[in-house]
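Below you'll find the structure, written out as structure tokens, and then a few comments.
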Amino acid sequence: MCLKSGHILHENYKIIKQLGQGGFAITYTANDLSKPGNPECVVKEIPFPSSKDPRVLENARTQFEREASALYRLRNHPCIPELFAYFKENDYFYLVQEYIKGNRLTEELTPGKQWMEAEAIALLLEILEILKFVHNENIIHRDLTPSNLIRRTTDNKIVLIDFGAVKEISTLTADSTGRIFTSQAIGTSGYMPAEQSNGRKAQPYNDIYAVGAIVIQALTGQHPRDLPEDPKTCEIIWDYSMHNRQILQVSDRLKNILNKMVRYHFKDRYQSVTEVLKELDAMRDSPLPETEPQKAISPRPANPRPQSPKPQRVLRDRFRWLVLGVAVIAAGAIVISIPKIYPLIPRISQPQTLPTPSADGVSSGEKLLVQTSALWSKQRGINEFAEANYSEALKLLKQSWREDRRDPETLIYINNALLKAINAEYYTIAIVVPIRRKDDGSILNADLAEELLRGLAQAQTEVNLGLLAANDSNKDFPGQGFLDPKAIKGKGLRVIIADDGNIKSYAKQRANYLVTQPEILAVIGHYTSDMTVETVDIYNQNKLIAISPGSTTEELTRKPRKYFFRTAPTTSIEAEGLVNQLMQVGAKKVAVFYNPNSPFSASLWEEFKKQFEAQGGSTFRIVNYYDLSRNDFNAESAIKEVDKAGKTAIAVIPDGQVTKAVENAIEMIKANNDRNWIVGPWTLYEPRTLEAAKQLKSVNKLGISVFWHPTISFDQKFPVNAEKLWGGPVNTRSALTYDAAKTLIKALEMQPEPSREGMQQTLASPDFKADAATGIIEFDSTTGNRKNPPKRVAHIVPCAKEKFGLTFVPIEFPTAAAAGLKCD
């Protein structure tokens, strides 16, 4: 509802300002007009569920009252905000709570700053004591993070806020059977254990995992998402050393407690807070071996917390040995070994035992990765898949597909469930995609990942349809009747999805895990040049093909790897198209804006500059304004600086959504307002650019790289079949992942016994060719670059039937009609 300052809510609460906003609620500070002195309070606004089903709203109302009543039971604890009131108004639920003045724990957990063990134990004890009270009231928090812990100014104590169960109310929906369920897992990446994201009923060990992760963050100075994982056990690894990072000065006893708190499998974790406190008490009571005093690795966090004498005395009494400085110090560096890669044979399906758990951010069907709008049928299907009930999983996932045909993750899981359900033989490949996230770990945007997954899912479905007989019971399998079914030598295709989040540490974690899985014969990915540059050597050293549908940087050409290939053109090819476009419109001077720290963006800038100047043009950068990745980038100011340079064109070269560069480039297009010619790379070929163009009176001077378009598709069937399969068109990114998949499928077909080394030899062979959506795929055996890659420029034209009334078409077509599109 976005309440404004001064608004009177429920006749009692005068809004002061918005305090915060998450994916489920908005929080405001307000004055309570019903109390003497009008003290400050906090108002939390939770929207009604979006479902039109009246049963959902009734269920939401019941759940809201139940959860509000539970919060009211906690009012007597001094470290939990008191609930003053709750009510419903204007399609929103409201909670009115005590206002806690203080700083969130996120301000103390400064990246790179490592707490001493005594400080970490003090924090651990303080949180656990609050949690013990909460759990005794049969309430599970479900979203314990540093941002939900406040150090109160008045007494320096930790206060627990924002219980997750209340947030769940706005996500309620119903399936076709009338069952009411939540469409999203409640929790935050890094602090939420795996079973919580899979929809299991909340239990105390969910919160115990989160507390352990928070304390590990304090000790390491790293967000839990950035810590590596053991590829075999999926456990996070935090007590390791590197050349620039000493071994943590943490006693074995505390290390063992924290490791047990964050075990991947909930059965291996402490089952109650009481158990953890008992172990901590045992640390005090048992004697310690003679050792050196503990030393801090780095200074205290900036802005140290004010000390509260009484809590510190209690801690000294409870942990005298810590204050005296006798703590066990782990000696030496921990070496993380990579399992040996054994000769590969085709993966043959095994008896239906519980699948081995995959690493965080990796799934073949047992986890929900794209959590933006998961249907209950999908979540139930994933749960059944995780329990190896593949026939039931297939049934539920197909139901989810009928309800949302644009979801490629569901289609990939349907294919994988089919292979298991019919006991088929299959080959396995993986794909790494970026699911963009906010700082708190929640999903910001999964569009890019889904675009990439659609191309692979379509190719996988074509293969697995070839396993189904005409009279098979899977007549409702997606793609029946229009996709061309063709199994790979009588075998199917299984796909593993990994999410690198467009974050370098994530990308390396995923790569290090995938190379240790012997059944994986090739990987499609990574998408951005930034992530590929970080991981390419991991794949190359482990002799696993990585074929990228999006990495274009010339850096990968200058230092070629034997096991790296790409279906996307290089930046020199993309630069050629953009330079030619500017030459055609008579541009002689270009102001360039890019991300100097991005391998893709910097490479394209270098190639663009070289080619444009070779044709008699000049390029320049505006000091203090050319870096598109800056958070404080001001498009209006940048355009004013361009105007001072006289008549000039503009080249905006954002990275692949690793930073805010794409958003800043789009703001440049808006600020330019069609005055100067602007050209940009294919990272701008997306709906947000169309949305920006809609706000302008004209958009005649914009050219964007495009490597594929339905009107110029080499494979004419691909865009037609894609629209039938997905219920709408796909874009360049989907076409390039389809091509990568078709390339790997062809390589599998050409080998008598496919293997990792065999895949490399086949793709590098001068005789290798694969028909695909963007053309015939062939590779330069020395660089892995694609021969004769596609190269086009698109512009924006009106098309009434499209979402923003605009669409991209190749620039040689002046209108949508000329391109053969029907826009009425």
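Between Pro599 and Asn597, the shortest heavy-atom contact is CD-O, 3.8 Å. The minimum heavy-atom distance linking Glu409 with Ile497 is given by the pair CG-CD1, 4.1 Å. Across all their heavy atoms, Val652 and Ala665 have their closest contact at CB-CB, 4.1 Å. The two residues Val706 and Val793 have their closest heavy-atom pair at CG1-C, 3.9 Å. Residues Thr782 and Pro560 share a closest heavy-atom pair of O-CB, 3.2 Å. Closest heavy-atom contact between Pro569 and Pro790: CG-O, 3.3 Å.
In this structure, the side chains of Pro687 and Phe804 come closer than 4.5 Å at one or more pairs of heavy atoms. By the 4.5 Å heavy-atom criterion applied to side chains, Phe565 and Ile545 are counted as neighbours. Taking the side chain as every heavy atom from C-beta outward, Leu483 and Asn721 approach each other to under 4.5 Å. Side-chain contact between Ser734 and Trp708: absent, with no pair of heavy atoms (C-beta onward) separated by less than 4.5 Å. In this structure, the side chains of Leu748 and Met759 come closer than 4.5 Å at one or more pairs of heavy atoms. A heavy-atom distance below 4.5 Å is found between the side chains of Phe779 and Thr743. Looking at heavy atoms from C-beta onward, Arg406 lies out of side-chain contact with Glu450 at the 4.5 angstrom threshold. Within the 4.5 Å cutoff, the side chain of Leu725 has heavy atoms near those of the Leu411 side chain.
Annotation: His526 is in aromatic contact with Tyr539 [ring centroid separation under 6.0 Å].
The OG1 atom of Thr532 lies 11.5 Å from the CG atom of Asp537; values are rounded to the nearest 0.5 Å. Within the model, atoms CD1 of Ile538 and CG of Leu544 stand 11.0 Å from one another, a figure rounded to the nearest 0.5 Å. Atom CD1 in Ile745 sits 7.5 Å away from atom CD in Glu749 (nearest 0.5 Å). Atom CG of Leu448 is separated from atom OH of Tyr527 by 5.0 Å, given to the nearest 0.5 angstrom. Expressed to the nearest 0.5 Å, how far CD1 of Ile650 lies from NZ of Lys589 amounts to 11.5 Å. Rounding to the nearest 0.5 Å gives a distance of 11.5 Å between CZ of Arg792 and OH of Tyr685.
A donor-acceptor contact closer than 3.5 angstrom is absent between the side chains of Ser601 and Asp655. When only modelled atom types and interatomic distance are considered, Thr428 and Arg494 share a side-chain donor-acceptor pair under 3.5 Å. For the residue pair Glu462 / Tyr738, a side-chain donor-acceptor distance below 3.5 Å is found, with atom types taken as modelled. A side-chain donor-acceptor contact under 3.5 Å links Glu554 and Thr570. In the model, Ser529 has no side-chain atom that pairs as donor or acceptor with a side-chain atom of Thr553 under 3.5 Å. Between Asp627 and Ser629, the side chains place a donor N or O and an acceptor N or O closer than 3.5 Å (distance only, hydrogens not considered).
The residues Lys742 and Asp715 are annotated as not salt-bridged, no charged nitrogen and carboxylate oxygen being separated by less than 4.0 angstrom. A salt bridge links Lys670 with Glu667: at least one charged nitrogen is closer than 4.0 Å to a carboxylate oxygen. Asp499 and Arg510 are not joined by a salt bridge, as no carboxylate oxygen comes within less than 4.0 angstrom of a charged side-chain nitrogen.
Of the possible polar contacts, one joining the Glu574 side chain to the Trp682 backbone as a donor-acceptor pair under 3.5 Å is found. Although no hydrogens or angles enter the test, the distance criterion places no donor-acceptor pair under 3.5 Å between the side chain of Asn595 and the main chain of Pro654. Remark: side-chain polar atoms of Thr737 are paired, donor with acceptor, to backbone N or O of Leu452 under 3.5 angstrom. The backbone N or O of Val536 lies less than 3.5 Å from no partner atom in the side chain of Asn540, so there is not a single donor-acceptor pair. The backbone N or O of Leu806 lies less than 3.5 Å from no partner atom in the side chain of Lys694, so there is not a single donor-acceptor pair. The closest donor-acceptor contact from the side chain of Asn464 to the backbone of Leu493 lies under 3.5 Å. Between the side chain of Asn664 and the backbone N or O of Arg630 there is at least one donor-acceptor pair closer than 3.5 Å.
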For side chain to side chain contact (heavy atoms under 4.5 Å, CB included), just list the numbers for Ser551 and Leu556, CA-CA rounded to whole Å, side-chain angles, deciding distance to a tenth of an Å, and then say yes or no. CA-CA 9 Å; Ser551 301; Leu556 294 165; 4.1 Å; yes
I would like to know whether Met668 and Ile639 meet side chain to side chain contact (heavy atoms under 4.5 Å, CB included); could you show each step before the answer? CA-CA 7 Å; Met668 283 283 288; Ile639 289 296; 3.9 Å; yes
Show your working on side chain to side chain contact (heavy atoms under 4.5 Å, CB included) between Arg688 and Glu663 and close with a plain yes or no. CA-CA 8 Å; Arg688 284 181 293 174; Glu663 289 86 344; 3.1 Å; yes
Leu696 vs Asp674, side chain to side chain contact (heavy atoms under 4.5 Å, CB included): CA-CA, chis, key distance, verdict: CA-CA 8 Å; Leu696 305 176; Asp674 219 26; 5.5 Å; no
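Atom NZ of Lys803 sits in a sparse spot, with 12 or fewer heavy atoms from other residues, nucleotides or ligands closer than 6.0 Å.
When each of Thr783, Asn785, Thr552 is checked for a side-chain hydrogen bond (donor to acceptor under 3.5 Å, both in side chains) with Arg566, only Asn785 meets the rule. For the side chain to side chain contact (heavy atoms under 4.5 Å, CB included) test with Arg786, the passing option among Asp739, Asp780, Ile776 is Asp739; the others fail.
For Glu555, there are no salt bridge (charged side-chain N to carboxylate O under 4.0 Å, His left out) partners at least two apart in sequence or on another chain.
Every pair passing salt bridge (charged side-chain N to carboxylate O under 4.0 Å, His left out) that includes a residue from residues 607-624 is listed here, sequence neighbours excluded: Glu607-Lys610, Lys609-Glu613.
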